[in-house]
Structure formats: C-alpha cells, structure tokens
Amino acid sequence: MFLTSVILVLQEILEAALLLSMLLLVTRLIESGNKGLIANRTWIWSALACGVLLAWSYALYMPVIAEWFDYVGQEVTNAACQLLTIVLLLVFIYGIKNQVELPGSAHTLVASFCLIVVVALAIMREGSEIVLYLRGIMGQPEAVSPVLLGAALATGIGVSCGILLYYLLIALKRHIALRVALVLLAFFAGNMASQAVLLLTQADWAPYTSQVWDSSALLPEYSVAGQLLYALVGYEATPSLLQLAAYVGAFLMIAASPVFRSAWFRQDLV
Amino acid sequence: MTSIRKFLILAIVATLILFNFIAALRGYQSSMFEAETLFDNQLLDLSRLVSNLDESRINGEFRLGNNVAFQIWDNDQLVAASFHAPQDLITPLLGGFEYSNFEGYRWRTYTRHDDVRNRWVIVAERTDLRFILAENVVLESISPILVGIPIVGLVIWVVVSFGLSPLTQLSSQLGRKKVGDLSPIELRQTPSELEPVLQSVNGFINRLSLALEREKRFSADAAHELRTPISALKIQLHNLQQELGTKSDAFVDLQQGVERMQHLVEQLLSLYRSTPDQFAAECRSVDLHEITQDVVARYYPMIEAREQSLELEGERCLISGDRFALETLITNLLSNAGKYTHAGGNIRLKISSAESGAQLVVEDDGPGISNEERHRVFDRFYRTGNSGSKATGCGLGLTIVKHIADLHGAHVTVEDSSFGRGVAFRVAFPGAGA
Amino acid sequence: MRKFSFMMMSLLAGTVSAAVPEFELHIRDHLFFPATLDVPAETKIRLMILNEDDTPEEFESYELNREKVIPGKSRTVIFIGPLKPGEYPFFGEFYPKTAQGKVIAR
C-alpha cells in the first residue's frame, strides 16, 4: 500500500510542482526586466486554493461525470481541461510585453487569471485521482497509516524537486534560466496536447494512428527516470502519430511567441 | 530580491528531504524484496512438510490458518486439501513459484512434484496478508526518517538564523544609525567573511568623521583668527571717526558692514565651540528662568529702542545644561523675534516645567514664517523670503539654536504664535527621566 | 450531445460503428475477473470495466497506453487496439498487489 501511494501521489505532485516552479520562474525573470507584470505572488495562493477545491469537487462528481458521453465523460473532460490549459498558457505567453505594466491593469489581470487557471486545472486533474484514492483507502483502517506515510513521502519528494529546480535555474544567468524555463513550458504544453489526444483516442473520439516508436525496452515509462522525464518533458515510450503531431504543434506554438524568440535570440523584449 | 535565509533553509531542507526520502524508498524496496524471499522460503518449507503428510489423516480437516492453503494431486485426482482450498486445481502444475486468484483472494503459490510418491503438491499463501505483515515491519524502520524531517527542518531554521545573525546585526546597526552618528560599528562576533566588510565600512566612517572634524576646526580657527583683525578694524574706524568728526552715510554703511562681519564671526565661533565632547564636560544644573531673565535684561535696550513690548512668563525651572550655550540659544531666539517684529510689536517668552520636561516658548506677532519655509529655517545660511533688507543677520542664528538644543537633547519646533499672527519657537527639553 | 459525439466519431475515426467487439472486465475484491482476457488481434475493442467494489480503482497499462479511474460501484468504457498479437499486462494502480491481469491478443 505504501509504495502504491508513493508512486500515485508522486506522479501527480511532481507534475504540479514542476509546473508551478516553471511559472514562478518565468514570472520572476520577466518581472526583473519588466516591473509590475505580476507584482505580487498572491496568485499562487488563489491557484492552490482553487485547485484543491476543484480537485475535491471533481473527485466527488466523478461517478456522474464518468457516465457522460456513453461512459467516456472522464476522458473528454480531462482532454477539454488540457486543451484549455494550452490555450491559457498561450494567452499568457503571448501577452508578455516589453512595457511597464501597473499592477491592477487589465493586462496584469488577464495574466494572473491565466496563471491561476492553468495551475488550478493541473491540480484538479492530478489531485482528483489522489482524492479518490485516499477516500477509498479511508474505508480500510489497516491501510490508512502506510498510505498516509507514502503520501507524505511522495509530497516531500515532489515539492523538493520543484524547489530545487527553481533554485537551480535561478542560480543560472538570467537569459539562460529564462530559456530553460520557457523550453520546459513548451514541453509542458506539448505533453498536455499529447495527453489530450491519447485520452480522446481512448474514448474513441480521435482516430487510432500507428505507433511511431517503441522505446519501452530502452527506457520504460514506469521506471524512475521514465516517470521523471514524463513529468518534465512528457516522455512517452509508445506514442502514436497523432500524439506526436499534437506534441510538436503545441511546442511550436509556444516557441513562436515573441518572448520565447527574444529569450532565445537575445533581442530586446526581455 | 530573494532572502538568503529563505534560500538556505528551503534549499537545504529540500535536498535533505529528497535524498533521505529516496533512500527510504530504496530501503523499503530492498527490505520488501528480502521479506518476499523469506516468505517464499517458508512456503517452500511448508511444501516439503505437506508432501510428507499421510493423506489419510488429513481428510479436509487439516487446519493451517487463514493465510495458507494446500492441495495434493495424484493423476488429476485431488487426494488431500486444506479446509478452505477449492476442489479444482488452484494453479497450473508447472513447478515453482506462481501467482493465482481463487477464493476471492490473490495467492502466492508453489508447486512441487513429489518424486517418491509421484504426486503434485501445491501450497499457497495469501499475498495481501503476507504483504501487510512485511510492510508493517519495513515501515516501522523508515517512518522515523519521515517523522524526523520536521525536527531537522526546525534545527536548520535555527542554525541558519544563528549563522546569519552577524549579517542581520550589521544591517540593523547601519539602518539605525542617526544622522551625524559617526561611531564605528561593532558586532558581538565578527565572522571572517564579514571582517573585510566591517573594516571597510568602519574605515569609511572614520575618514568621514575626520573630514568633518577638519571642516569644523577650519571654520572655528578661521573665525577665531578673524576676530583680532576685526577688532583692530573697529578701533581704526573709531579713530577715523574722531579724525573726521562727522558721520557721512558712507561711513555709517562701513560701520554697519564691520558690525555685521563681527556678528557673523561670533556666531560661527559659537556654532563650532560647542562640540558634543566639550559640552558633556560642562553640563550642570541651571535655572532656565534665571538665564532668560539675564538675557532679557541685557537685550532690553534694543527692545525698548523699537518700542516693542516684552513679557516674560514662568518661574524657577531647573534643567541640566550649559549656561553659556543656553544664553546663546535664548539670545538668538529673542534677537530674531526683535528683528523680524515691526516696531511697537509684541514679544512673549514663556517658561513652563512639566512632568515631560521643561519648555521654552518665544513668540511674536511679526510677519511669521510660511509652512513651506518652516522646515528650512534651521539650515545653515538660510534666510526667509520676507526677512527684507532691514533685518541684519547672517542666517546662522537658528542653526545655532538647533545645534544647542540638540546638545541638550531638546527638540525645537516652529509653531503658530498665540498672538494670532507671527511665529512661535518651542524648545522642549527632555524630562528628568530622559 | 450523443449525436454530436457520434458525428465526431464517424468524422474522425471514419468507422461508422462497424460493430466494435465488446468485452467485459469485472473488478471484485481488488481482483480482475477474468484475470486473462482473450481478444482478437488487429481489431478495435470496446472494453467495459465494471467495478463492483466500494472503493475506486484505476485501470492502468503501460503496454496498452491506457489509464482511467473507475469510481466505486460504477462502470466505464475504454477503447483499446487495434493490437498486434501478444500479451499486454494491465493492473489496478490503486491495488497493484492483487489487481493484476493481462490482455492476450491473437
């Protein structure tokens, strides 16, 4: 029960923690050149609170949602959330300007809104599974303590990874850190797109496409490195053609943004 | 900017958690693997035991406990079984360890062929139960790592805070420094990393205070050196007047110019005479009322000449201070009031003593000072816009007042006069407790 | 909405509901029944999973590339395949010690 709980919670926490530290890094690095974009960090707390609330409600209504669209409601809802995440991420990234923004301006409000919803949706998708699992476990008294112990251990590892990634990147030169953070965000968007396609295929809403490669022998998805790579860049051992296309598409959309290009080619924007 | 303390605590605790927890996880995995092997060996022993049983004595009544079951098969015929084993084959007869689902549970099975009696023996153990058993033992050993982390975090917090305390001390001492406080910074303990910082900061402070001291001494020396030639000048002027016999306008202007120069030099001298070190030595208990009376008596002719009325309110009031300095303070305030108030105006001096300390107020019904100018009147060589050309002065009088008040720990404020127009200067001396 | 989903399906998949074979998988006491599921190879399959436990379970298979939470006392559908012949293990991620099974495509 302990190891199950560790693996389950770690998968979910790691993804959310890495996303949060990347977004924090991007806002902070841009802030130092562009005062007042997201002047304070209150959006984190709003995002965490919204995320936990959404995760709880999503888990609560899961039995109902799961029956939508002839029993594929879960896949469709998750895919919709992932697509919305990509859209909001694009709005945020494309909205970064070279002007000094006053806190409370319309642009700042839109940016904070995007960040809050992106993080809240990530917590909702990942957290609802944990909530369902823990609620199920609470009915088995002998399993409670190993599971909670495992959940605490996994939370510790996941949050620590997020903190260390943040400090590791912040220690780099600013333009290098910004490049890495933006590339990781682009990978995240690619991962979201690929997952959405996979879920829609699972629900038979998207067509089956042939498998592009099989690296499961080389680097299995369930290995520690596989899990870490999945959380960081969306590693998939057996992706389908459509998944790969969606991944590359979302990546390129982030990469085409002005802030990404200027961070990479050292123009004057950031 | 990021806080060093936050960075150190978070980064250290995160690294500790990451490595300790991953180590705990590895420990869990290897311990569980060992436990699994142990349980498998037990199952193997059980199979040997079962194969040596005499099947006639079993008859489905043989109880082994809930977690294990066995079957003995002889040519597709179930010869014997434990009481809760099913009647059909629980796992394919392949020999060795296997997993199988029956009776609503998942079992670890071991099949062996008994070559002596030429039959198959299957023993099975419930995976969920043996797993829980093993896990409880293993978790007992790794849970202290988890429980210990909050304590470790607390210790790191305390250690980091302690380690950064010289830095905090340095920044708070620098932040608390008052204007004009040029004493060197001292830390309780100076770590070697801060030694160069402290040395260069104290070096700067020292050079600054030497430079200021030189400036003061230069002014004081210059003023002192100027006194003799000015006195000589005055005598020569007096002699000149005797010789000429008449007083032409040009001569009066010259005389006034020399008077003004003498006044400036005297003021400069009194400004720099009272340095904090000298002052502390000359401090004794004096009566503020008596000093004020003396000054008024000395100054009265000038008041009378301008037909101004002067009131002195208050009574004996002891404060700790330097008599000469206080005389200068009162003279400056009084001459200011006399100078700027029109002929026939009113001047009032009030002395009051309260629990919070003695207060001296000098007010007039002159033109007053606008609010914008009030904070600048104590600046050196500053003169108010409406001072006009008639009033002689060098712009040092109030600077000296402020300087002397500061030496006494007193506070000077500019207020509205109670005459309805004009200005009031309030000097609040600290109370006996201060 | 169902009509819309049907249209999407036919539009994207290009298969107008060509009688997708359906299979059932039960979850009882954190075990899969049947633990071994024989399915035809090279065909898309509609897998109906019925969770008879009170507790939720997560159907997960790295080989099939599928993952889905099934709340307690409820049913759900997963489409798998077309599969190449071979064995595809799956497990219940919430109770992996007991909930183990495999799909065999032939």
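Sequence lines set the chain letters: A, B, ... in the order given, protein chains first and strands last, and positions in each chain run from 1.
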To the nearest 0.5 Å, what is the distance between CE (A/Met1) and CG (B/Asn136)?
12.0 Å
Would you compute the distance between atom CD1 of B/Ile142 and atom CG of A/Leu153 and round it to the nearest 0.5 angstrom?
6.5 Å
I'd like to know whether [atom1] of [X] has more than 12 heavy-atom contacts from other residues, nucleotides or ligands below 6.0 angstrom.
X        : atom1 : value
A/Phe113 : CZ    : no
B/Ile4   : CD1   : no
B/Phe204 : CZ    : no
B/Tyr105 : OH    : no
A/Glu142 : CD    : yes

Considering only heavy atoms, which portion of [X] lies under 4.5 Å from any heavy atom of chain A: side chain, backbone, both, or neither?
X        : answer
B/Ile145 : neither
B/Ile22  : both
B/Phe19  : neither
B/Leu146 : side chain

Contact origin within A/Ile157 toward chain B - heavy atom pairs under 4.5 Å:
both
Is the shortest heavy-atom distance from the side chain of [X] to the side chain of [Y] under 4.5 Å?
X        : Y        : answer
A/Phe2   : B/Val138 : no
B/Thr15  : A/Ser160 : no
A/Thr155 : B/Phe21  : no

Verify, without hydrogens or angle tests, whether B/Glu135 (side chain) and A/Pro146 (backbone) share a donor-acceptor contact under 3.5 angstrom.
no
With chain B as the partner chain, list the residues of residues 127-141 of chain A whose heavy atoms fall under 4.5 Å from it, by residue number, and write 'none' if nothing qualifies.
none
